[in-house]
Q: 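The structure is given below, and queries will be raised subsequently.
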Amino acid sequence: MVGVKKKMVTLVSSDGVEFVVEKRVAEQSLFIKNALNEGGVEEKVMIPIPKVTSDTLSSVLEYCEKHASATEFQENEIEEWDKEYIEKADLDLLYYLLQASYSMSIMGLMELGAKKVASLIRGKSPQEIRELFNIKNDFTPEQEEEIRREMQWNYE
Amino acid sequence: MAGLNKDIITEVLIRLPVKSVFRFKLVCRDWLQYIKCPLFAQTYQSHNGPSTLAGFLQTRSIYIHFYPVNNSKLYSSRSMITRPIRNIQHSIHRIVASSDGRVLLVDRYNGWELLCNSITGELFKIPEFPHWAHGVGIIHQEPHVKLVFAYHAKGTMTTYRTLRRSKYIMFKTFTTETNQWTTMLVHLSKVMRFHVKEDAGVVVGDAMYWLARTGDVLQYKLSCVEEGDSKMISPPYQSCFNYNGEHCFHKANTLHCGSNGALYYCSNDRKEAKIWVLLSDDDHNMSWCMKYKVCLGVHGFHGRLGRASYLCLKQEVMFMWFFSTMGISWGEMIKFGLEDGKTEVVYTTQRHRLSRTSIVPYFFPLWPAASFVRSEAMI
């Protein structure tokens, strides 16, 4: 496509870092797609992405870039890439990725992240979950007992 | 993860096996709230497909035993018992109907009781309980429960003679919301005769159905407030009756609510079982459509073939409950794959007298069943 100028968009992370990306990449996010549609067809667009830091955004954009050109790859290639991509994310990044994909409406990434978290917490005890995610146990011992009792059936 | 919102947590939780989900009720209040939310159950089901635990209940003294039949690995000598039902001093006489975690049972001395939560054993005594009913049914109107009792004829005390002739049906309904009974009399086009024991109705959509001894189906609309909202639907096959009004060839009909939200009708003549589905067109005309024909003859069921008293259509699987009486009663639950025609015995009762126990086919919904069963038992 020589001669056709690629449409670019500028995304601004919450800490003020600008990312210039192709429109088709940015449109992987429904949030941005809608914002672009509303704003008409301006040449230069700046879209602020609140609540998403530059570190997270760059990782999110890495995902978007790959998936924007998904048609060029075999399906299992994309799958492999997804697997590797989410594998190298640590718990903190995973947390931010989930939040970012939620606020930016990137369903694929959301699913990928949720799957990963699910695989991490599967089979763990409630206490382990609390430790892992830094959640405070806000039940009184009586409430906890009540829930436990509700959950229990006896095996013969 | 503490700061993640409900939608994100939900996305994670629906990707977990049910057992994990239930354990995670204990994580914190927020998580408990998310999981208990009815919307969550819906989201979970739409992501993972509908799941139910099929099996049957058996009463023994003040316990109710649950025998799951979905998974043949699970049934082996293992049953689940409810905790002793609170406030019942005497043994449970019989289980009459069950629906979505709620059980209607009769205590020999106290009359009808509604077991509101089969897991905690929470019991609800029905005030001014009627002494008997021909048809009974449980309808859920969260957080309340509505009970429907149906009688052949006007008044609860009728002679056998008037009962046979009457074209009237009396509905007595009770709701836990108002704690009161209401009575309604409905005139039918045909005489409705229930089975001898209390008959548990099947709820499909906004209607409840009972099977008559003649093979006809009585429909009761939940929104029913006036006469005429109730009607009889003819059986799907050409019928032939003997003197007692029992069907000569096809018998042991059962009704069942399929996972697709349609009413299924099953009958068998010892050699084959036929399954119909009730279709309704735009003008609300209802007709039966033959769905499956299952050959029973070749599978060599033990001894005297009793009757198929229940069926479940889920992932094209049918469960049949056969029993035989020769002084001692025993029976077995057979799983029948409608697609491949393979049968499998999934449960055999002990050969003991069943007179003091009652066995009721029971379908647990995913919630709250999931709290006590391994997820692989779900179909």
Side-chain angles (χ1 to χ4, degrees), chain A residues 51-52 86 90-156, chain B residues 1-33 35-36 47 58 60 63-68 74 76-84 117-122 364 367-375:
Chain A
K51 289 191 214 158
V52 181
I86 206 73
D90 60 10
L91 202 58
D92 281 339
L93 182 59
L94 208 53
Y95 171 84
Y96 292 124
L97 280 180
L98 271 176
Q99 258 181 346
S101 60
Y102 178 74
S103 62
M104 293 171 73
S105 301
I106 310 170
M107 289 310 144
L109 183 56
M110 176 97 169
E111 210 181 301
L112 195 61
K115 234 185 199 159
K116 171 75 183 170
V117 176
S119 74
L120 282 177
I121 64 177
R122 204 186 163 120
K124 288 205 163 49
S125 73
Q127 182 54 34
E128 283 172 308
I129 302 296
R130 286 187 213 121
E131 280 163 19
L132 194 64
F133 296 147
N134 204 10
I135 299 173
K136 201 171 159 272
N137 180 6
D138 49 6
F139 289 117
T140 62
E142 293 82 41
Q143 282 172 324
E144 210 171 314
E145 182 51 37
E146 178 65 31
I147 302 163
R148 251 181 234 285
R149 205 162 52 85
E150 256 181 46
M151 282 160 51
Q152 200 174 24
W153 266 43
N154 305 317
Y155 275 96
E156 198 174 39
Chain B
M1 289 279 167
L4 289 182
N5 72 17
K6 183 181 175 178
D7 292 340
I8 302 177
I9 301 281
T10 303
E11 281 295 315
V12 172
L13 290 176
I14 58 168
R15 290 178 166 79
L16 289 167
V18 269
K19 215 174 171 197
S20 300
V21 175
F22 266 79
R23 206 172 42 238
F24 293 165
K25 275 179 171 181
L26 276 167
V27 170
C28 66
R29 282 183 197 203
D30 280 348
W31 284 41
L32 176 70
Q33 210 192 334
I35 295 167
K36 277 173 97 172
H47 187 262
Q58 187 173 7
R60 267 190 219 164
Y63 296 95
I64 295 176
H65 292 235
F66 177 69
Y67 296 91
L74 256 181
S76 56
S77 77
R78 260 199 149 182
S79 69
M80 281 160 254
I81 328 169
T82 56
R83 54 184 53 247
N117 185 334
S118 44
I119 289 172
T120 55
E122 178 197 339
F364 276 103
W367 325 101
S371 59
F372 64 93
V373 225
R374 273 181 282 156
S375 56

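Here is the naming used below: chain letters follow the sequence lines, and residue numbers restart at 1 for every chain.
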Q: As an exercise, state the distance from CD of B:Glu11 to NZ of A:Lys115, rounded to the nearest 0.5 Å.
A: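 The NZ atom of A:Lys115 is 11.5 Å from CD of B:Glu11, to the nearest 0.5 Å.
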Q: Please report the shortest heavy-atom distance between B:Phe24 and A:Ile121, naming the atom on each side.
A: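 Shortest heavy-atom separation between B:Phe24 and A:Ile121 comes out as CZ-O, 3.3 Å.
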Q: Using side-chain contact (heavy atoms from CB on, under 4.5 Å), reason through A:Arg122 and B:Arg15 one step at a time and then give a plain yes or no.
A: CA-CA 9 Å; A:Arg122 204 186 163 120; B:Arg15 290 178 166 79; over 6 Å; no
Q: Less than 4.5 Å to any heavy atom of chain A: does that hold for the side chain of B:Leu32, its backbone, both, or neither?
A: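 The answer is the side chain of B:Leu32.
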Q: Hey, which of A:Asp138, A:Asn137, A:Ile129 is the one that makes side-chain contact (heavy atoms from CB on, under 4.5 Å) with B:Cys28?
A: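 Answer to the side-chain contact (heavy atoms from CB on, under 4.5 Å) test with B:Cys28 among A:Asp138, A:Asn137, A:Ile129: A:Asp138.
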Q: Over all heavy atoms of both residues, which pair between B:Leu26 and A:Phe139 is shortest? Give the atoms and the distance, please.
A: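 Looking at all heavy atoms of both residues, the closest pair is O-CE1, 3.5 Å.
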Q: Given A:Phe133 and B:Val27, is the side-chain contact (heavy atoms from CB on, under 4.5 Å) satisfied, shown in steps?
A: CA-CA 10 Å; A:Phe133 296 147; B:Val27 170; over 6 Å; no
Q: Shorter than 4.5 Å, heavy atoms on both sides: which option in A:Ser119, A:Gly123, A:Ala118 has the most such pairs with chain B?
A: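 Looking at each option in turn, the highest pair count goes to A:Ala118.
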Q: Let me see the working for B:Ile8 and A:Met110 under side-chain contact (heavy atoms from CB on, under 4.5 Å), right down to the final yes or no.
A: CA-CA 8 Å; B:Ile8 302 177; A:Met110 176 97 169; 4.0 Å; yes
Q: Return the CG to CG distance between A:Leu98 and B:Asp7, rounded to the nearest 0.5 Å.
A: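 Nearest 0.5 Å value for the CG-CG distance: 12.0 Å.
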Q: For each of A:Glu128, A:Arg130, A:Gln127, A:Lys116, tally heavy-atom pairs with chain B at distances under 4.5 Å, and name the one with the top tally.
A: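 If we count pairs closer than 4.5 Å to chain B, A:Arg130 comes out on top.
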Q: Give a yes or no on whether the backbone of A:Lys124 and the side-chain of B:Arg23 come within a donor-acceptor separation of less than 3.5 Å.
A: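 Yes, because the side chain of B:Arg23 sits within donor-acceptor range (under 3.5 Å) of the backbone of A:Lys124.
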